[in-house]
Protein chains: 4
Amino acid sequence: MNRQNTEELSRAEDSKNRILLAAEQIFSHKGLDGARVDEIAAKAEINKRMIYHYFESKENLYVEVLRRNYNKIYNLTKEAIVPGAAPQENAERALRRYFYFLAQDEEFVRLVSWEALQQGRYGSKVLPELLYLLQEDLGQILREGIEQGVFRQDLDIRHTLLSIHALCHVYFNRHDMVQPMWPTDRMSEDMLESRLQHILDLVFHGILSPTKRADFSK
Amino acid sequence: MNRQNTEELSRAEDSKNRILLAAEQIFSHKGLDGARVDEIAAKAEINKRMIYHYFESKENLYVEVLRRNYNKIYNLTKEAIVPGAAPQENAERALRRYFYFLAQDEEFVRLVSWEALQQGRYGSKVLPELLYLLQEDLGQILREGIEQGVFRQDLDIRHTLLSIHALCHVYFNRHDMVQPMWPTDRMSEDMLESRLQHILDLVFHGILSPTKRADFSK
Amino acid sequence: MNRQNTEELSRAEDSKNRILLAAEQIFSHKGLDGARVDEIAAKAEINKRMIYHYFESKENLYVEVLRRNYNKIYNLTKEAIVPGAAPQENAERALRRYFYFLAQDEEFVRLVSWEALQQGRYGSKVLPELLYLLQEDLGQILREGIEQGVFRQDLDIRHTLLSIHALCHVYFNRHDMVQPMWPTDRMSEDMLESRLQHILDLVFHGILSPTKRADFSK
Amino acid sequence: MNRQNTEELSRAEDSKNRILLAAEQIFSHKGLDGARVDEIAAKAEINKRMIYHYFESKENLYVEVLRRNYNKIYNLTKEAIVPGAAPQENAERALRRYFYFLAQDEEFVRLVSWEALQQGRYGSKVLPELLYLLQEDLGQILREGIEQGVFRQDLDIRHTLLSIHALCHVYFNRHDMVQPMWPTDRMSEDMLESRLQHILDLVFHGILSPTKRADFSK
DNA sequence: TATGAATGAGCTTTCATTCAT
DNA sequence: AATGAATGAAAGCTCATTCAT
């Protein structure tokens with residue numbers, strides 16, 4: 001009985017998962033309005049009815065997909081911070097981790113972007129966590145760096161966080177711009193690393209404290 | 001007869017314009033799939049039938065809106081370049097102009113973003129112009145700066161252009177992130193200027209050539 | 001222009017009417033849940049879409065049908081009352097009128113019955129008018145009759161009204177009981193008149209005041 | 001093994017009963033079309049599948065519920081007839097019994113009404129029994145009364161039976177009319193008794209033979 | 001006997017598009 | 001040039017019913 005229950009449960013759990021996975025792909029590519037429930041059902045290889053059984057509505061399924069995705073970054077940067085390490089080192093580690101997380105999961109990037117355009121109507125319940133992450137973890141690194149005199153004293157932390165976010169996302173986001181700019185495969189190891197290096201370059205040599213640089217006469 | 005024709009024509013022009021304006025607003029806020037032809041007709045205060053008369057289909061109207069918007073930046077940065085002026089000065093002028101152009105026309109920003117997510121399916125015919133602008137005009141400034149030794153010799157122009165784009169757009173794009181980060185009105189003069197200053201800071205002190213800065217030991 | 005408008009309007013009005021008529025028939029026979037929008041559209045010889053254009057939802061169409069039907073009895077009994085005439089005469093006239101109104105419009109009877117079973121969920125907004133009619137008009141006759149000593153002093157007006165309603169409706173309502181009880185056509189002139197006579201008999205000789213009858217020892 | 005079988009059987013009986021009870025409630029409130037199999041299963045606290053196991057289909061379950069209900073009145077009035085008692089006394093006893101039977105089991109009333117509206121499509125197999133009851137038992141009393149000269153010679157038995165039925169049912173049927181007419185609880189002891197008294201009054205003083213009343217000049 | 005998961009057919013509703021004037 | 005009315009195709013969603021265990 002117990003085993004049977006377990007089996008049953010796992011079958012249901014499996015179906016739910018297949019739906020979520022299919023939905024994730026389709027929502028991330030076509031958005032909420034562009035996605036078709038039939039298409040999701042077909043991709044999940046399940047009867048459309050089950051989608052409503054498990055998620056009640058298309059909109060709700062979308063929110064669930066969002067929630068699942070936002071959860072992915074919960075523990076992402078936390079681990080990146082090594083207490084006692086140099087702020088610059090911590091920052092680079094966190095940034096690199098963030099960048100490669102996005103590289104690994106373009107669907108996440110796209111979902112976040114759809115949400116942004118839809119004015120966060122659906123994800124607003126789950127978005128704050130993303131901001132929390134950026135502001136608390138990455139922000140913490142920046143604050144420490146400023147205190148220790150490694151980063152510029154006049155650094156605007158919030159703008160900097162937004163900029164880091166932008167510099168990473170744009171590469172995965174703006175498919176349409178990136179593709180025509182480079183002949184190489186956008187997602188090749190080399191290309192990724194070169195983009196990350198550019199970001200680190202840009203970010204650090206903009207945020208390094210004046211004492212680290214002799215001439216800061218703008 | 002002639003006068004009547006003129007009147008008719010101008011009335012027609014007017015109708016067409018009202019449709020385009022209404023469409024622009026609605027498409028920019030809801031995307032192609034989210035927009036409703038009825039809504040556009042209502043906003044344009046015109047009979048729905050006229051939309052098909054003038055534009056043949058919803059999709060076509062969308063492309064027309066895109067084209068109109070991409071045209072806006074044709075002459076944007078060209079004027080920003082003052083031949084003979086210092087590259088840094090030219091770059092700042094162009095960047096400022098670009099940033100305030102976006103600030104003035106958020107609908108443009110949003111339309112471009114929708115397009116990006118839709119994999120440039122509709123705007124692909126018109127997008128190249130945007131890239132042209134960035135690569136030719138702003139890119140030209142960067143190239144000159146490198147040649148003149150003002151900007152770093154190892155600067156990746158393409159990445160830099162993409163980054164500038166990202167740093168500007170993100171502020172108008174990610175409504176959902178920006179709003180909760182600052183208490184002040186996102187579009188107030190002060191906030192806009194502070195964002196622009198941050199971008200200039202970040203960009204320049206990352207791209208200035210090593211000779212301009214004493215210590216560039218990365 | 002004006003004529004065109006009139007024509008257009010009447011065409012729309014006509015469509016709306018066709019929908020209402022078709023809906024009335026189908027709702028009255030199958031109820032709200034049993035009715036199919038497709039069936040209504042087919043019967044109205046109109047595109048299903050128009051139903052939603054004019055009535056917004058199936059439920060709303062149902063309410064509209066109810067309203068239309070309840071309106072039918074607005075002026076029904078009012079005209080039956082001849083001021084100054086004997087209460088018994090007025091009552092008979094009103095009752096006869098009511099009975100033949102139901103006979104003429106079985107759909108009305110059925111709609112009212114569906115509503116009753118659905119606990120007046122949809123018609124509750126419109127039902128009060130029906131009650132008003134019974135209580136004000138027919139009730140007025142009864143009150144006068146009591147005052148004039150023609151009807152029993154202890155007559156419960158509300159119960160009597162309810163009973164009159166029941167005695168009339170049951171004949172058109174309980175198709176399933178009536179049909180097997182009589183060999184003749186339920187709706188033939190003779191049958192209708194015999195039913196009405198029975199009702200009048202039952203009602204009057206129950207409500208006539210004791211002074212009109214020698215022995216009222218129950 | 002035997003005991004287990006017994007247990008299984010009684011458990012089965014119990015399940016069947018729970019289903020029937022739940023179905024009765026839901027069908028009586030929402031009708032065949034309005035009822036949901038899921039809802040019935042939930043109310044019966046049983047797996048939906050069992051409904052099909054025991055009853056094969058929703059429609060079949062409905063018929064079973066009807067049959068069960070119609071059976072309730074089998075022996076209802078039979079016992080009411082006391083041979084040799086005065087017809088009026090017997091009639092009153094039967095009528096009272098019928099009225100309070102309905103009062104006790106409103107679900108029965110509602111089911112009968114749904115059936116009537118659905119043109120007796122499903123109950124036609126079981127309805128005759130109800131008619132039998134009325135015509136045989138109550139009808140018998142009326143016939144005796146006429147023979148004995150207690151009831152009017154010109155009394156139409158069938159119409160009278162139909163009327164009695166209507167006068168009783170309407171009170172439990174037309175929830176929507178009754179509720180707004182009285183401030184008191186519709187089902188309170190006082191209200192029920194007052195309704196019954198009204199019916200008896202109405203019925204008897206309409207059907208009592210002329211010899212029992214001094215003046216029957218219609 | 002009992003169950004959780006699944007299904008297909010069909011429902012209400014929506015939408016871009018076209019007809020008739 | 002302009003409009004109100006109408007449409008077909010397809011969307012989201014629901015339901016009675018059955019499968020697998």
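Atoms considered below: every heavy atom in the structure, side chains included; atoms not considered: hydrogens, waters and symmetry mates. The sequence lines fix the lettering, A, B, ..., with proteins before strands; numbering per chain opens at 1.
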In whole angstrom, give the distance that lies between atom [atom1] of [X] and atom [atom2] of [N].
X        : N       : atom1 : atom2 : value
Ile19(C) : dA5(F)  : CD1   : C1'   : 11 Å
Leu61(A) : dC13(F) : CG    : P     : 10 Å
Glu13(A) : dG4(E)  : CD    : C1'   : 13 Å
Asn47(A) : dT7(E)  : CG    : P     : 5 Å
Ile51(C) : dT7(F)  : CD1   : P     : 11 Å
Leu32(D) : dC15(F) : CG    : C1'   : 13 Å
Asn17(C) : dA5(F)  : CG    : C1'   : 15 Å
Ile26(D) : dC15(F) : CD1   : C1'   : 15 Å

(request) Considering just the side-chain nitrogens and oxygens of Ser15(B), establish if one lies under 4.0 Å of OP1 or OP2 belonging to dA2(F). (result) yes
When you measure from the side chain of [X], which nucleotide among [options] comes out closest?
X        : options                  : answer
Lys58(D) : dT3(F), dG12(F), dT17(F) : dT17(F)
Arg11(C) : dT14(E), dA6(E), dA6(F)  : dA6(F)
Arg49(D) : dC19(F), dA6(F), dC11(E) : dC19(F)
Val37(C) : dA16(F), dT1(E), dT13(E) : dT13(E)
Tyr52(A) : dT17(E), dC13(F), dG8(E) : dC13(F)
Met50(B) : dA1(F), dG4(F), dC13(F)  : dA1(F)
Arg36(D) : dA16(F), dA6(E), dA6(F)  : dA16(F)
Asp38(A) : dA2(F), dG12(F), dT7(F)  : dG12(F)

(message) Taking the nucleotide of DNA chain F with the nearest heavy atom to each, does Ser57(A) or Ile46(C) sit closer to the 5' end?
(response)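 It is Ile46(C) whose nearest nucleotide is closer to the 5' end.
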(message) By nearest heavy atom, map Glu56(D) and Lys48(C) onto DNA chain F; which one lands nearer the 5' end?
(response)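 Comparing both residues, the 5'-ward one is Lys48(C).
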(request) Determine which nucleotide pairs with dA1(F), using a 3.5 Å limit on both distances of a Watson-Crick or G-U wobble pair. (result) none
(request) Sort out the partner of dT17(F) for me: Watson-Crick or G-U wobble, both distances under 3.5 Å, none otherwise. (result)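 With both distances under 3.5 Å, dT17(F) matches dA6(E).
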Select base, sugar-phosphate, or nothing to describe what [X] touches, counting heavy atoms under 4.0 Å on all strands.
X        : result
His53(A) : nothing
Ala41(D) : nothing
Phe55(D) : nothing

(request) Would you check if the side chain of Trp114(A) reaches a backbone N or O of Ser28(A) as a donor-acceptor pair within less than 3.5 Å? (result) yes
(request) Salt-bridge test for Arg67(A) and Glu64(A): reply yes if a basic N is under 4.0 Å from a carboxylate O, no otherwise. (result) yes
(message) Regarding Lys58(D) and Glu39(D), does a basic nitrogen lie under 4.0 Å from an acidic carboxylate oxygen?
(response)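 Glu39(D) and Lys58(D): not salt-bridged.
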(request) Could you walk me through whether Lys72(A) and Asp105(A) pass the salt bridge (Lys or Arg N to Asp or Glu O under 4.0 Å) test, one step at a time? (result) CA-CA 10 Å; Lys72(A) 288 179 186 170; Asp105(A) 195 346; 2.5 Å; yes
(request) Carefully, step by step, assess Phe27(C) and Leu61(C) under the rule side chain to side chain contact (heavy atoms under 4.5 Å, CB included). (result) CA-CA 10 Å; Phe27(C) 281 138; Leu61(C) 173 57; 4.0 Å; yes
(request) Scan side-chain atoms only and decide if Arg68(A) and Asn17(A) contain a donor-acceptor pair under the 3.5 Å cut-off. (result) yes
(request) By nearest nucleotide on DNA chain E, pick out whichever of Tyr54(D) and Asp33(B) is the more 5' one. (result) Tyr54(D)
